[in-house]
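Worksheet: one structure, shown below.
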Amino acid sequence: MTVSKDKDEQAAPRMIVADRVCKNFGALQVLKGISLEVSRGEVLCLIGPSGSGKSTFLRCINHLEQVNAGRLYVDGELVGYRQKGDKLYELHPRDAARQRRDIGMVFQHFNLFPHRTALENIIEAPTQVKKVRKADAVARAHELLDRVGMADKANAYPAQLSGGQQQRVAIARALAMDPKLMLFDEPTSALDPELVGEVLQVMRELAESGMTMVVVTHEMGFAREVADQLAFMDGGVVVEAGVPREVLANPKHERTKAFLSRLL
């Protein structure tokens, strides 16, 4: 499901193409044929009730979860599999990891290494995975900490930081791998309300810089202001999608109306 765009936007290369993506956990079918596209530089916000499949779909994009049917492409490359004839073969874990390193992911819970400083958390993946020289990784980490408003916290440990500060370090850590796509799985839902704004501001600035982003969120104001597309998911399907302001102001599907009536 895609949003109609003007002629210039239609020419933008597609960063994500999901074609009838299905995902099961045993007998439970969590995704039931998700089809959508995200162009390079766009922000897609996914909204919907808990259990609707939003986070599972996000995890399928970077192959943390294997799809059971359908196809997922990121930047023109089939995610997690190679195709030979009509058959799909799962990638070797090394090749899947290579794909994944180009996709940054920020989780609901920050997942920082508690025994490493903010700086050490950020340089870990570039030095270990990409074999970046430590001096270069440190210089880049300082740039990123400054970018997320945490320049003075380079030597602080996670326990010394607020939730909002930890999440900003987590964003800097993801950016340190120079991803072409950023995935956010409810990045503010574990934060105290007064800390939400500082994380959303970093995400706004990322969007303004042209980063392609998929964001699972309950922050409707952010979705309205920042997203290019808004998709409402329920029961493992995309129920309704479109321009955020239109979907939020005039939802067409009864399930969307019922969900938004509890939030807005």
Side-chain angles (χ1 to χ4, degrees), residues 1-2 12-44 46 52-109 111-113 121-132 137 140 170-171 173-187 211-216 229 231 233 236-238:
M1 190 174 296
T2 57
R14 297 175 297 181
M15 179 61 78
I16 300 173
V17 176
D19 180 19
R20 296 165 292 179
V21 170
C22 297
K23 173 63 184 176
N24 306 328
F25 292 104
L28 178 65
Q29 191 175 14
V30 177
L31 300 179
K32 304 173 183 177
I34 302 292
S35 293
L36 50 78
E37 298 178 2
V38 182
S39 295
R40 186 184 300 276
E42 276 193 339
V43 178
L44 165 67
L46 299 175
S52 60
K54 308 181 302 296
S55 294
T56 297
F57 177 64
L58 211 63
R59 292 171 65 85
C60 287
I61 293 173
N62 67 355
H63 203 56
L64 288 176
E65 299 290 353
Q66 300 174 347
V67 303
N68 296 109
R71 303 280 195 278
L72 256 171
Y73 299 88
V74 171
D75 204 16
E77 188 174 10
L78 183 63
V79 173
Y81 298 90
R82 61 182 176 85
Q83 185 164 344
K84 191 172 183 180
D86 294 331
K87 292 188 176 181
L88 289 182
Y89 299 89
E90 188 168 2
L91 291 179
H92 187 281
R94 179 184 61 249
D95 296 320
R98 177 190 56 77
Q99 285 187 334
R100 195 177 294 124
R101 75 184 188 186
D102 292 327
I103 303 172
M105 187 155 183
V106 177
F107 298 88
Q108 178 178 350
H109 299 287
N111 294 359
L112 298 175
F113 295 116
N121 266 278
I122 293 169
I123 69 172
E124 174 77 11
T127 56
Q128 298 300 315
V129 178
K130 284 193 166 182
K131 306 303 180 186
V132 174
R140 174 72 170 144
I171 293 171
R173 179 181 59 179
L175 292 173
M177 292 292 282
D178 294 318
K180 54 186 160 188
L181 169 65
M182 285 284 286
L183 309 177
F184 294 85
D185 190 6
E186 300 197 42
M211 177 64 73
T212 311
M213 297 162 55
V214 181
V215 184
V216 174
Q229 296 191 58
M233 290 180 62
V237 300
V238 176

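As the structure is a computational prediction, the values presented were derived from the model and not from experiment.
- The only option from Leu36, Val67, Asn68 that meets the side chain to side chain contact (heavy atoms under 4.5 Å, CB included) definition with Val21 turns out to be Val67.
- Asp102 is not listed as a side-chain neighbour of Asp75, based on a closest heavy-atom distance of 4.5 Å or more.
- Between atom CD1 of residue Ile103 and atom CD1 of residue Ile16 there is a gap of 7.5 Å, rounded to the nearest 0.5 Å.
- Expressed to the nearest 0.5 Å, how far CZ of Phe184 lies from CD1 of Ile171 amounts to 5.0 Å.
- At least one donor-acceptor pair under 3.5 Å links the side chain of Arg100 to the backbone N or O of Asn62.
- Expressed to the nearest 0.5 Å, how far CZ of Arg82 lies from CG of Leu88 amounts to 10.0 Å.
- No side-chain heavy atom of Glu42 sits less than 4.5 Å from a side-chain heavy atom of Glu37.
- Atom CZ of Arg71 has more than 12 neighbouring heavy atoms from other residues, nucleotides or ligands inside a 6.0 Å radius.
- What you find for Val238 and Ala231 is that their closest heavy atoms are CG1-CB, 4.2 Å.
- Note: Gln66 CD to Asn24 CG = 12.0 Å, rounded to the nearest 0.5 Å.
- Leu175 approaches Pro179 most closely through the heavy-atom pair O-CD, 3.6 Å.
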Leu28 and Val30: CA distance, side-chain angles, deciding distance, side-chain contact (heavy atoms from CB on, under 4.5 Å) verdict:
CA-CA 6 Å; Leu28 178 65; Val30 177; 4.0 Å; yes

Using the side-chain contact (heavy atoms from CB on, under 4.5 Å) rule, take Lys23 and Phe57 through it: C-alpha gap first, then chi angles, then the decisive distance, then the call.
CA-CA 8 Å; Lys23 173 63 184 176; Phe57 177 64; over 6 Å; no

Would you sort out whether Met233 and Leu31 count as a side-chain contact (heavy atoms from CB on, under 4.5 Å), showing the intermediate values?
CA-CA 10 Å; Met233 290 180 62; Leu31 300 179; 4.0 Å; yes

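- The line from CZ of Arg173 to CD of Glu124 is 9.5 Å long, rounded to the nearest 0.5 Å.
- Atom CG of Leu112 is separated from atom CG of Asn121 by 4.5 Å, given to the nearest 0.5 angstrom.
- Taking every heavy atom of both residues into account, Arg40 and Met15 meet most closely at NH1-CE, 3.3 Å.
- Nearest heavy-atom pair, Ala137 versus Thr127, reported as atom, atom and distance to 0.1 Å: CB-CG2, 3.6 Å.
- Gly80 approaches Gln99 most closely through the heavy-atom pair N-OE1, 2.9 Å.
- Residues meeting the side-chain contact (heavy atoms from CB on, under 4.5 Å) test with Arg59, sequence neighbours left out: Leu64, Glu65, Met105, Phe107.
- For the residue pair Ala174 and Gly104, the shortest heavy atom distance occurs at CB-CA, 4.2 Å.
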Could you walk me through whether Leu72 and Ile61 pass the side-chain contact (heavy atoms from CB on, under 4.5 Å) check?
CA-CA 7 Å; Leu72 256 171; Ile61 293 173; 4.3 Å; yes

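- Between Arg140 and Asp178 there is a salt bridge, since at least one side-chain N of the basic residue sits less than 4.0 Å from a carboxylate O of the acidic one.
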